[in-house]
Amino acid sequence: MSDPLQPSLLAGFDLGSTLPGTPKTAEQLPVARVVIDSALPHLDRPFDYLVPAELDAFAQPGVRVKVRFGGQELAGFLSERLEHGEPGVKLQPLGAVVSPEVVLSAPVLATARAVAERYAGTLWDVLRSAVPPRMARVEKETGTAAEATETNPPETNPPAADPGPVDPRVPNRHADDAPVGDQHGLHPHSVDSRDLGPSHVDPLHSPLLAEYDGGAHFAAELAAGNSPRAVLSAVPNRPGHWPALLLEAALAANESGRGALIVVPDARDLARLCTLLDERIGAGNYVRLSAEDGQTPRYRNFLRVARGNTNLVVGTRNAAFAPVKDLGLAIIWDDADTSHAEPRAPYHHAREVLLLRSEIENAALLVAAPGRSAEAQRLIRSNWALELRASRALLRAHAPRVIAASDEFEQNRDPLLHAARLPAAAWREAKRALERGPVLVQVARTGFMPALRCERCRTSARCTKCTGPLALDDARGAPSCGWCGLVAAGWSCAECGFMRLRAASIGADRTVEELGRAFPNVNVVAATGAKPLHHVPDAPALIVATPGAEPVAEHGYAAVLLLDGDRMMSREGLRTGEEVLNRWMGAAQLARGHEGAPGMPGGGTVVVAGEPSEPMRALVRFDAGAYADAELGERRVLGLPPAVRTALVRGPAATADKFVAALGFGDDVRLHGPVLEGEGEHRWLLFYSYAQGPAVTRKLRTLRASFSAAKEPILAIRVDPDGIL
DNA sequence: AGCACGCCGACT
DNA sequence: GTCGGCGTGCTC
């Protein structure tokens with residue numbers, strides 16, 4: 001498709017052809033401030049350019065641009081238009097406006113800045129995950145930027161914050177060939193809460209939220225245009241409960257005329273949520289944003305949001321930056337799930353992104369989960385958010401009966417059950433439950449390295465060099481040290497000299513085999529990350545699943561067996577207990593209630609096997625909040641995260657040491673290190689209070705910038721790293 | 001990463 | 001006196 005608009009956009013202002021006299025620049029707001037694509041920390045600041053007259057109309061805040069910078073052409077985003085640049089700086093002309101689409105809204109930019117600051121990273125690193133890569137063809141498809149002009153006529157000279165993408169002073173050729181509205185079913189209509197009808201949005205019609213203490217008030221506040229903040233642990237035993245609950249909150253926010261955003265951990269949860277949304281409000285009335293949808297669909301959906309064609313966005317972690325117009329409510333589901341953490345620098349977590357964003361945009365925030373993260377508990381403790389609590393009566397009505405099978409575990413003499421590491425109580429319950437419906441068996445992920453013990457005396461196997469715990473490496477099948485990685489060939493027990501380790505590392509597949517023998521004539525299937533299974537029928541079967549991959553049963557599981565608690569608990573780490581409880585709660589939530597509800601079968605039972613532990617007691621009481629609160633209290637006493645904040649600095653020994661010394665922190669920042677890591681690398685850990693967080697990360701950023709300017713090797717900095725302690 | 005500017009040494 | 005080596009630092 002030949003497009004007469006593109007050449008003029010892309011050619012931009014040609015540097016070489018300096019015409020007689022000064023090249024014409026835009027008459028109004030001739031200076032464009034640009035965020036450039038640079039990996040160098042000391043260039044992580046805006047630079048100003050002159051706007052050539054011919055780019056004036058397109059050079060609006062939020063568009064992608066190309067600029068000449070230090071002899072090379074760089075990509076960037078135009079952040080604002082100004083009357084003057086810094087005095088005494090010679091400005092270069094803007095190179096080109098890549099596309100008139102406004103892809104970076106002012107509040108999203110402000111959020112990205114706050115995230116970069118909070119994680120001591122560069123703005124561009126954050127923007128890379130906030131704005132999906134451009135797919136040029138998608139922009140031409142249907143409903144161009146001109147559509148927005150039609151529905152939302154901009155003023156003669158849009159102010160900086162106005163998202164109106166195209167200045168009407170320039171004839172827009174798109175206006176002629178692009179039909180307004182939609183002929184291909186992509187944009188049925190702009191979704192305004194008014195279109196949805198009152199039956200969906202009346203706060204009195206938030207029955208699920210209203211079941212929680214303060215929930216009805218929360219919904220009413222949202223509908224009234226206020227911005228409350230809340231943490232909620234979802235009541236178990238109601239398949240499909242959480243998507244409906246979150247939708248109620250989102251619709252309440254929509255009713256106030258504001259947009260809503262729901263962020264879920266992974267594609268599976270997103271599929272569940274979308275199924276409900278399709279059913280309740282229709283596929284065209286919300287937008288999903290997920291990196292797993294592929295580049296082109298992702299950008300297509302992103303554009304729908306950027307053009308303001310929706311007021312409900314759902315997606316995975318990057319959707320936390322979705323440019324929802326007038327955001328009224330941000331929701332994060334299951335914030336304890338590790339998928340919410342971005343795996344690339346600056347490793348930001350979707351919960352923290354939404355926290356910052358809700359403050360910047362004055363939006364409401366809802367942190368909802370099957371369990372409770374220590375961070376979410378902190379929000380309650382500090383009175384930043386209120387807790388929407390399920391009453392004990394509500395819990396009792398819906399929670400399954402939880403049985404802790406700790407004592408009989410070791411006395412289990414039945415070889416079949418022993419092989420399947422099934423306590424007799426678990427076997428009994430499963431046998432009974434199979435007469436009434438499906439049974440879920442949660443086993444540890446294969447990648448979850450269990451600590452090994454001597455097969456004869458049960459002494460835990462330790463590394464001969466560093467006394468770290470030995471674990472089985474799936475790839476090699478040989479035990480190796482979990483700390484130093486040394487392969488323990490020819491291991492023998494330090495206590496009794498026995499040479500065999502207790503068999504461990506049983507994946508879901510082997511559990512399927514063992515259970516098949518323990519339960520003849522029962523259908524046994526596996527559901528793992530590699531072989532996902534979304535739904536299971538309401539028929540008797542054993543479903544073996546790894547944490548996070550549990551399929552949903554239509555009317556809940558008759559029983560849920562949590563088998564690998566000890567293996568999961570044996571992992572070293574500060575947050576192991578919390579993680580294990582969250583995994584258990586996630587699975588236990590899929591069980592039927594013990595009492596049953598109208599139209600729902602009862603008799604649901606959860607059997608948790610393993611040594612007695614705090615997480616196990618919390619599961620029995622079905623109270624993740626109390627557990628998180630106790631943990632947080634303990635961490636505060638010990639000065640450990642997330643009661644305090646941490647930062648990690650790693651790099652070549654000399655540079656890292658010099659850097660930490662130059663930080664010049666006083667006693668209020670605890671310093672641990674250096675720890676030798678790899679080839680001549682040093683690792684330092686910093687512990688500091690939340691109050692000092694901004695000051696510490698600011699110092700980390702500025703010092704890193706000056707080190708980078710001085711051509712020192714770039715240091716790895718991670719703020720609040722997970723899984724280090 | 002490139003490009004300017006600068007200080008010093010070599011050559012017309 | 002002018003040209004050009006590449007070393008340090010800035011890049012709107």
Side-chain angles (χ1 to χ4, degrees), chain A residues 9-19 21-100 102-104 106 109-110 112-113 116-117 121-128 131 133 160-161 344-346 651-652 654-655 658-659 662 701-717:
Chain A
L9 274 175
L10 289 171
F13 183 74
D14 187 356
L15 265 183
S17 67
T18 310
L19 300 163
T22 339
K24 317 138 263 154
T25 53
E27 282 173 29
Q28 301 194 325
L29 304 172
V31 175
R33 187 150 282 178
V34 175
V35 177
I36 55 163
D37 171 8
S38 171
L40 298 171
H42 61 284
L43 299 183
D44 186 30
R45 61 191 171 90
F47 289 88
D48 292 342
Y49 290 83
L50 282 176
V51 180
E54 60 267 47
L55 292 183
D56 187 15
F58 304 105
Q60 295 299 322
V63 300
R64 287 179 192 280
V65 293
K66 286 217 183 309
V67 291
R68 196 118 184 107
F69 184 85
Q72 50 187 337
E73 177 133 287
L74 289 187
F77 291 108
L78 198 159
S79 67
E80 51 187 321
R81 290 281 296 265
L82 304 165
E83 202 53 60
H84 310 283
E86 291 282 307
V89 186
K90 271 205 297 272
L91 301 187
Q92 295 281 314
L94 203 61
V97 173
V98 175
S99 142
V102 174
V103 289
L104 181 61
L109 173 59
R113 283 217 161 95
E117 190 63 53
T122 64
L123 176 58
W124 194 265
D125 276 346
V126 180
L127 291 177
R128 206 176 35 196
V131 184
R344 296 177 304 175
T655 309
K658 192 156 58 145
F659 184 87
R701 285 187 90 205
T702 52
L703 194 62
R704 175 149 73 167
S706 49
F707 267 56
S708 149
K711 293 203 161 46
E712 291 273 3
I714 304 268
L715 293 166
I717 294 180

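Quick caveat: nothing in here was measured; it's all calculated off a predicted structure. A, B, ... follow the sequence lines: proteins, then strands. Residue 1 opens every chain.
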Q: Once you round it to whole Å, what is the distance between C1' of C:dG9 and NZ of A:Lys711?
A: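 About 7 Å, once rounded to whole Å.
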Q: What is the distance, rounded to the nearest whole Å, between atom CG of A:Asp48 and atom P of C:dT11?
A: 12 Å
Q: So, A:Asp56 and A:Lys24, do they make that salt bridge, N to O below 4.0 Å?
A: no
Q: Can you measure A:Leu91 atom CG to C:dC12 atom C1' for me and round it to whole angstrom units?
A: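 Roughly 6 Å, once rounded to whole Å.
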Q: A:Arg701: what forms a salt bridge (Lys or Arg N to Asp or Glu O under 4.0 Å) with it, not counting sequence neighbours?
A: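 If we apply the salt bridge (Lys or Arg N to Asp or Glu O under 4.0 Å) test to A:Arg701, skipping adjacent residues, the hits are A:Asp44, A:Glu117.
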Q: Going by heavy atoms closer than 4.0 Å, what residues in residues 31-45 of chain A are next to DNA chain C?
A: A:His42, A:Leu43, A:Arg45
Q: Applying ring pair (Phe, Tyr, Trp, His ring centres under 6.0 Å), can you list everything that pairs with A:Tyr49, at least two apart in sequence or on another chain?
A: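 Applying ring pair (Phe, Tyr, Trp, His ring centres under 6.0 Å) to A:Tyr49 gives none.
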Q: Under a criterion of less than 4.0 angstrom to any heavy atom of chain A, what are the 5'-terminal and 3'-terminal contacting nucleotides of DNA chain B?
A: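 Footprint of chain A along DNA chain B, 5' to 3': B:dA1 to B:dC3.
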Q: Apply side chain to side chain contact (heavy atoms under 4.5 Å, CB included) to A:Thr655 and list each qualifying residue two or more places apart in sequence or on a separate chain.
A: A:Pro652, A:Phe707, A:Glu712, A:Pro713, A:Leu715
Q: A:Asp48: what forms a salt bridge (Lys or Arg N to Asp or Glu O under 4.0 Å) with it, not counting sequence neighbours?
A: A:Arg33
Q: Rounded to whole angstroms, how far apart are NZ on A:Lys90 and P on C:dT11?
A: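 Whole-Å distance recorded here is 11 Å.
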Q: Are the side chains of A:Ile717 and A:Phe659 in contact, using a 4.5 Å heavy-atom criterion?
A: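 SC-SC contact between A:Phe659 and A:Ile717 confirmed.
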Q: Please report, rounded to the nearest Å, how far the C1' atom of C:dC12 is from the CD atom of A:Glu80.
A: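 In whole Å, C:dC12 C1' lies 14 Å from A:Glu80 CD.
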Q: The criterion is side chain to side chain contact (heavy atoms under 4.5 Å, CB included); which residues satisfy it with A:Ala75, sequence neighbours excluded?
A: A:Asp37
Q: Can you name the side-chain hydrogen bond (donor to acceptor under 3.5 Å, both in side chains) partners of A:Arg113, sequence neighbours left out?
A: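 Scan of A:Arg113 (side-chain hydrogen bond (donor to acceptor under 3.5 Å, both in side chains), adjacent residues dropped) gives none.
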Q: Nearest whole angstrom, please: distance from the P of C:dG9 to the CZ of A:Phe707.
A: 15 Å
Q: Describe the nucleic acid contact of A:Gly70 in one word from base, sugar-phosphate, nothing, applying a heavy-atom distance below 4.0 Å.
A: base
Q: Who pairs with A:Glu27 by side chain to side chain contact (heavy atoms under 4.5 Å, CB included), at least two apart in sequence or on another chain?
A: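 With neighbours one apart ignored, the set is empty.
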Q: I need the CD-P distance between A:Gln72 and C:dC10, as an integer number of Å.
A: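 After rounding, the gap between these two atoms is 17 Å.
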